[in-house]
Amino acid sequence: MWVAVIALGVLAGASGLMLGFAAVRLRVEGDPVVEKIDAILPQTQCGQCGFAGCRPYAEAIAAGEADINQCPPGGETGIVALAELLGRDPKPLNPENGAEKPKMVAVIDERNCIGCTLCIQACPVDAILGAAKHMHTVIAKECTGCELCIAPCPVDCIYMTPIAQTIANWKWTYPLADTGARGSVEQAAA
Amino acid sequence: MINEYALILLSTILVNNYVLVKFLGLCPFMGVSRKLETAMGMGLATTFVLTLSSICAYLTDHYLLIPLGLEYLRTIAFILVIAVVVQFTEMVVHKTSPVLYQALGIYLPLITTNCAVLAAALLNVQARHDFIASALYGFGAAIGFSLVMVLFAAMRERIVVADVPVHFRGPAITMITAGLMSLAFMGFAGLVRG
């Protein structure tokens, strides 16, 4: 009987030592899945998903607390990329979180700005420049179009404009899918 | 000798397929076969675990249990060895492929209780396999398992978009598909005589 107990004890002890050693060698720092999800998210930090920013949303997806269809700025492309990464089925954007819109930037109407700094505090990416009682302005290159600065502005001097078309961001327009347009094209060709 | 090893592989992969003929390891077969990628990942993880645990179980049996006359402790000793191997695999997968780790989720630690793994170890003892034969037997069983997983996942991906009658949708058609696959694999029994 003692032989059996000792044999099993030795076996278990050796296994435990081996696993302990492996655990030290193969330690994983942080959660790499969160990094990968975060890399797909558009980093607008807009909070439309219901979380404080892209990183918290990524953590919630990784933990299974949030669905993958809550990011309007990421749009369908983002959802498909997330579904691909996580091995889930893609699904349409949750309308509760908003609709997919073309990328915009905020512009401050500088004649009306009273220099209250409220929009500076609201901006998640520090894209607004200015000081108290001085005019503010938006650094267009840094602006993610999250619209978080619009609500706090007491004089409503911030509005969204589509990004101006330049050689750098111009894209070929998609072919029109609705039959009316195609018909008129065919008529024009005839 | 080579002939015997080839026969072991053929027998475990096709004729005595663990999933469809011996009905072992049905839990992951149903659980993680929804997507081809996860099914392949599960197949790979199980292949790793099955082969390694067959070898470890053989070594434990041959160098610890038999010399000490403790054959009656086989089941518990094998379960211990399998648990260790699975734990080790889990660490490796977590380190090398975090997405696969998340996709496999609870099914990865559940390989511990995958009866196919314990069955391979016990059947090895029963068949009096030597070291290489044990390893090949475990490897062949795992390849058979992976093969069936991949085939089944591919079918399920098609069935999801197929026009299945309402009452058969979901698990029902999955079970029917599994049954038909099993019937098909029974056909391999004619491959080897006796």
Side-chain angles (χ1 to χ4, degrees), chain A residues 1-41 55 57-69 78-92, chain B residues 32-42 52-53 56-57 59-61 63-107 109 112 153 156-157 160-161:
Chain A
M1 206 270 270
W2 286 112
V3 178
V5 172
I6 292 167
L8 264 190
V10 166
L11 188 63
S15 314
L17 275 178
M18 203 200 80
L19 276 186
F21 184 67
V24 173
R25 283 295 302 275
L26 299 171
R27 192 206 305 274
V28 180
E29 300 287 343
D31 197 346
V33 182
V34 174
E35 304 289 340
K36 288 196 173 164
I37 297 173
D38 200 36
I40 290 175
L41 296 177
R55 176 96 200 173
Y57 179 44
E59 279 164 11
I61 294 178
E65 288 160 6
D67 214 337
I68 56 173
N69 63 346
I79 294 174
V80 170
L82 283 176
E84 192 66 33
L85 174 73
L86 299 169
R88 297 192 205 157
D89 292 327
K91 49 178 92 173
Chain B
V32 262
S33 55
R34 197 166 308 211
K35 279 199 78 127
L36 198 53
E37 285 86 20
T38 47
M40 268 153 114
M42 188 68 182
L52 203 59
S53 70
C56 291
L59 293 178
T60 311
D61 189 52
Y63 292 106
L64 191 73
L65 299 184
I66 292 178
L68 294 174
L70 297 174
E71 286 90 345
Y72 58 90
L73 283 180
R74 247 174 214 147
T75 309
I76 190 163
F78 285 179
I79 287 175
L80 179 70
V81 167
I82 289 166
V84 169
V85 172
V86 170
Q87 198 67 45
F88 181 70
T89 312
E90 192 181 343
M91 285 177 197
V92 171
V93 172
H94 197 172
K95 180 82 178 172
T96 53
S97 171
V99 176
L100 178 64
Y101 179 77
Q102 191 155 47
L104 292 179
I106 186 66
Y107 290 99
T112 316
R156 274 185 81 171
E157 280 194 355
V160 166
V161 290

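Because the structure is a prediction, the values reported are computed rather than measured. So that the names make sense, note that chain A is the first sequence line, chain B the second, and so on, each numbered from 1.
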remark   = Residues pairing under salt bridge (charged side-chain N to carboxylate O under 4.0 Å, His left out) where one sits in residues 4-20 of chain A, two or more places apart or in two chains, turn out to be none
Results of side-chain contact (heavy atoms from CB on, under 4.5 Å) for A/V3 - residues two or more places apart only = B/L68, B/L70
request  = Indicate the atoms forming the closest heavy-atom contact of A/A7 with B/L64, along with that distance.
outcome  = O-CD2, 4.1 Å
query = Counting only heavy atoms not in B/I66, do more than 12 sit closer than 6.0 Å to its CD1 atom?
reply = yes
request  = Search all heavy atoms of A/L26 against all heavy atoms of B/F88 and return the closest pair with its distance.
outcome  = CD1-CE1, 4.4 Å
task = Nearest 0.5 Å please: distance from the CG atom of B/L80 over to the CG atom of A/L11.
result = 5.0 Å
note = Of the listed A/L19, A/L85, A/L86, the one with the largest count of heavy-atom pairs under 4.5 Å with chain B is A/L19
remark   = Under 4.5 Å to a heavy atom of chain A? For B/V92 that would be both
ask   = Is chain A contacted by the side chain of B/L36, its backbone, both, or neither, given a heavy-atom distance below 4.5 Å?
value = neither
inquiry  = Taking atom CE as the centre, does B/M40 end up with more than 12 heavy-atom neighbours from other residues, nucleotides or ligands that are less than 6.0 angstrom away?
reply    = no
key: Partners passing side-chain contact (heavy atoms from CB on, under 4.5 Å) against A/A83 (at least two apart in sequence or in another chain)   = A/I68, A/P90
Counting distance alone, with no hydrogens or angles, which donor-acceptor pairs between chain A and chain B are under 3.5 Å?
unit_1: A/R27; atom_1: O; unit_2: B/K95; atom_2: NZ; d: 3.0
unit_1: A/A62; atom_1: O; unit_2: B/Q102; atom_2: NE2; d: 2.5

